[in-house]
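Below: one structure, written as structure tokens.
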Amino acid sequence: MAIYSKKIELNSDIKNLTIVEATIDGLLNDGLLNDEVYGNVIVASTEAVLNAFKHGNQNDPSKKAAIDILINENALEFTVSDEGSGFDHLSLPDPTDPENLEKVNGRGIFIIKNLADTVEFLRNGATLKVTFNLRVKELVEA
């Protein structure tokens, strides 16, 4: 059962990242996120939205990114969909490979995968579902 659910639709303008950041900050302030997971959620969610704006929607401000945030007692699910045709997430270059270290782009998905507990690529990669476990301490202690 959902404790919190919110849908946001944003034009693909980098200025709209502040809306995502403010929403995540609100979750922390309302006690729906703890400090342990907050940093991972804010970095991964902004990376996901940036990817939707830049790669999915080609920075076209007339195209939208849809964001769904769902929190239940165990997890936060952050889903971002863009209007693009998707991408092959399995063929992304490894940003830790020495030949890619100097490249400016190509780290977003890598960062998201390393911060989130699970990452799912839906609609051929045009939708990214990122999940963060919220009850880590209780599960470890049990």
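Just so it is clear, the structure is predicted and the values come from calculations on it, not from any experiment. No hydrogens, no waters, no symmetry mates; every other heavy atom, side chains included, goes into these values.
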Work out which heavy atom in L115 is nearest to a heavy atom in A44; give both atom names and the distance.
-> CD1-N, 4.0 Å

Kindly give the heavy-atom pair with the smallest separation between A48 and I112, and that separation in Å.
-> N-CD1, 3.6 Å

Residue pairs passing the salt bridge (Lys or Arg N to Asp or Glu O under 4.0 Å) test where at least one lies in residues 13-35, sequence neighbours excluded | none

Are any side-chain N or O atoms of N57 and backbone N or O atoms of K64, one a donor and one an acceptor, separated by less than 3.5 Å?
-> yes

Here the gap from L32 atom CG to I24 atom CD1, rounded to the nearest 0.5 Å, amounts to 10.5 Å

Sorted by chain and residue number, the salt bridge (Lys or Arg N to Asp or Glu O under 4.0 Å) partners of E47 (sequence neighbours excluded) come out as none

Note, L70 side chain near S5 side chain (heavy atom, < 4.5 Å) = yes

Report the C-alpha separation of D117 and N40 in whole Å, then their side-chain angles, then the decisive distance to 0.1 Å, and conclude whether the side-chain contact (heavy atoms from CB on, under 4.5 Å) test is met.
-> CA-CA 10 Å; D117 291 294; N40 290 355; over 6 Å; no

Are L134 and N34 side-chain neighbours, meaning at least one heavy-atom pair lies under 4.5 Å?
-> no

If you measure from NZ on K54 to CD1 on I14, what distance do you get to the nearest 0.5 Å?
-> 9.0 Å

In terms of heavy-atom contacts, L28 and L33 come closest through CD1-O, 3.5 Å

Say you draw a straight line from CG of L10 to CG of L17; how long is it, rounded to the nearest 0.5 Å?
-> 8.5 Å

Does the side chain of I8 reach to within under 4.5 Å of the side chain of I19, using non-hydrogen atoms?
-> yes

Under 4.5 Å between any side-chain heavy atoms of N16 and V49, yes or no?
-> no

Given K129 and L122, is the side-chain contact (heavy atoms from CB on, under 4.5 Å) satisfied, shown in steps?
-> CA-CA 7 Å; K129 182 178 176 183; L122 310 169; 4.2 Å; yes

Residue pairs fulfilling salt bridge (Lys or Arg N to Asp or Glu O under 4.0 Å) with at least one residue in residues 66-76, sequence neighbours excluded = K7-D68, E73-R135

Backbone of A75 reached by a side-chain donor or acceptor of N72 within 3.5 Å | yes

Heavy-atom distance under 4.5 Å between the side chains of I69 and L27, does that happen here?
-> yes

From CZ (F132) to CZ (F78), nearest 0.5 Å | 8.0 Å

Interatomic distance, CZ@F87 vs CG@N124, rounded to 0.5 Å, equals 8.5 Å

A65 versus A52, closest heavy-atom pair with distance = CB-CB, 4.2 Å

What's the spacing between T23 OG1 and I42 CD1 if we round to 0.5 Å?
-> 9.5 Å

Near I3 CD1, under 6.0 Å, is it more than 12 heavy atoms from other residues, nucleotides or ligands?
-> yes

